[in-house]
Amino acid sequence: MERMKKWMSLFCLFGQTSQEALEASLFDSSEVDFTKIPDLIREANEKVQLEGRQMSGINIDRDRFDEARQIQIDVNYIGLRKNGYLRADRKGAHTTVRVF
């Protein structure tokens, strides 16, 4: 957990340097259902359709663009022409897909 807090502090400080912004980005890892990650990867493999697709990573963070700052899980992909992701809430539910 301490390692995650340090990483989040570095991530948050890129562009937002106030203590308030840092605190708003931190969360306890027990708030995330990590057991849902394999299911989310399977769902993302089915739903994120891209030419030459490769999984580029999984992000677990707070939505910096929403006032509620909800924790979200993203399964990210890169393709030859487009990128995309499957996004879920912290419990692995309410998934959405975006290709851009």
Side-chain angles (χ1 to χ4, degrees):
M1 179 63 185
E2 199 58 38
R3 187 174 185 183
M4 181 182 288
K5 283 184 180 179
K6 287 179 183 176
W7 183 85
M8 286 299 297
S9 67
L10 291 174
F11 179 76
C12 182
L13 290 177
F14 182 75
Q16 296 181 345
T17 57
S18 72
Q19 184 66 28
E20 184 179 313
L22 171 62
E23 293 298 325
S25 294
L26 297 176
F27 57 89
D28 189 330
S29 61
S30 68
E31 295 180 59
V32 178
D33 188 351
F34 289 97
T35 65
K36 299 292 185 181
I37 300 291
D39 294 332
L40 290 173
I41 292 171
R42 281 190 283 279
E43 184 177 347
N45 281 333
E46 293 173 12
K47 292 183 176 180
V48 181
Q49 299 296 315
L50 299 168
E51 180 185 356
R53 177 188 70 187
Q54 292 183 331
M55 186 175 166
S56 60
I58 297 173
N59 294 348
I60 303 171
D61 58 10
R62 289 198 181 274
D63 185 348
R64 297 180 313 276
F65 303 105
D66 182 4
E67 193 68 31
R69 311 275 298 181
Q70 297 296 315
I71 297 170
Q72 58 195 15
I73 303 169
D74 290 343
V75 181
N76 302 300
Y77 292 90
I78 56 172
L80 295 175
R81 294 184 174 91
K82 296 182 178 185
N83 299 322
Y85 61 82
L86 177 132
R87 177 169 287 162
D89 66 13
R90 64 190 176 89
K91 297 295 183 185
H94 309 291
T95 60
T96 59
V97 171
R98 180 164 181 235
V99 173
F100 51 95

### Message
Could you go through Q49 and V99, starting from their C-alpha distance and side-chain angles, then the distance that decides it, and tell me whether this counts as side-chain contact (heavy atoms from CB on, under 4.5 Å)?
### Response
CA-CA 8 Å; Q49 299 296 315; V99 173; over 6 Å; no
### Query
Do M55 and V48 share a hydrophobic cluster, counting only Ile, Leu, Val, Met, Phe, Trp and Tyr and linking them when any side-chain heavy atoms are less than 4.5 Å apart?
yes
#### Entry: Atom CD of Q54 with >12 non-hydrogen neighbours under 6.0 angstrom
no
### Task
Could you list the residues that satisfy side chain to side chain donor-acceptor pair (under 3.5 Å) with N59, not counting sequence neighbours?
none
### Message
According to side chain to side chain donor-acceptor pair (under 3.5 Å), who are the partners of Y85, at least two apart in sequence or on a separate chain?
### Response
none
### Message
Show every salt bridge (charged side-chain N to carboxylate O under 4.0 Å, His left out) that has at least one partner inside residues 89-100, sequence neighbours left out.
### Response
none
### Query
Which residue pairs satisfy the salt bridge (charged side-chain N to carboxylate O under 4.0 Å, His left out) criterion with at least one member in residues 72-83, sequence neighbours excluded?
E51-R81, D74-R87
### Query
Just by distance, do the side chain of R62 and the backbone of R69 share a donor-acceptor pair under 3.5 Å?
yes
### Task
Answer whether the closest heavy-atom distance between the side chains of I58 and N76 falls below 4.5 Å.
no
### Task
Show your reasoning for whether side-chain contact (heavy atoms from CB on, under 4.5 Å) applies to E31 and I71.
CA-CA 8 Å; E31 295 180 59; I71 297 170; 3.6 Å; yes
#### Entry: Over all atoms of both residues, closest heavy-atom pair of Q72 and D63
OE1-CB, 3.5 Å
### Task
Write down the atom of L80, the atom of G52, and the distance for their closest heavy-atom approach.
CG-CA, 3.9 Å
Counting only pairs under 3.5 Å, give me each side-chain donor-acceptor contact of residues 34-44, with atom names and distances, residues two or more places apart or in other chains.
residue	atom	partner	partner atom	Å
T35	OG1	D33	OD1	2.4
D39	OD1	R42	NH2	2.5
E43	OE2	K47	NZ	2.8
E43	OE2	T95	OG1	2.7

### Message
Nearest 0.5 Å, please: how far is OG in S29 from CD1 in I60?
### Response
9.0 Å
### Query
Can Y77 and L86 be said to form a side-chain contact (heavy atoms from CB on, under 4.5 Å), step by step?
CA-CA 9 Å; Y77 292 90; L86 177 132; 5.7 Å; no
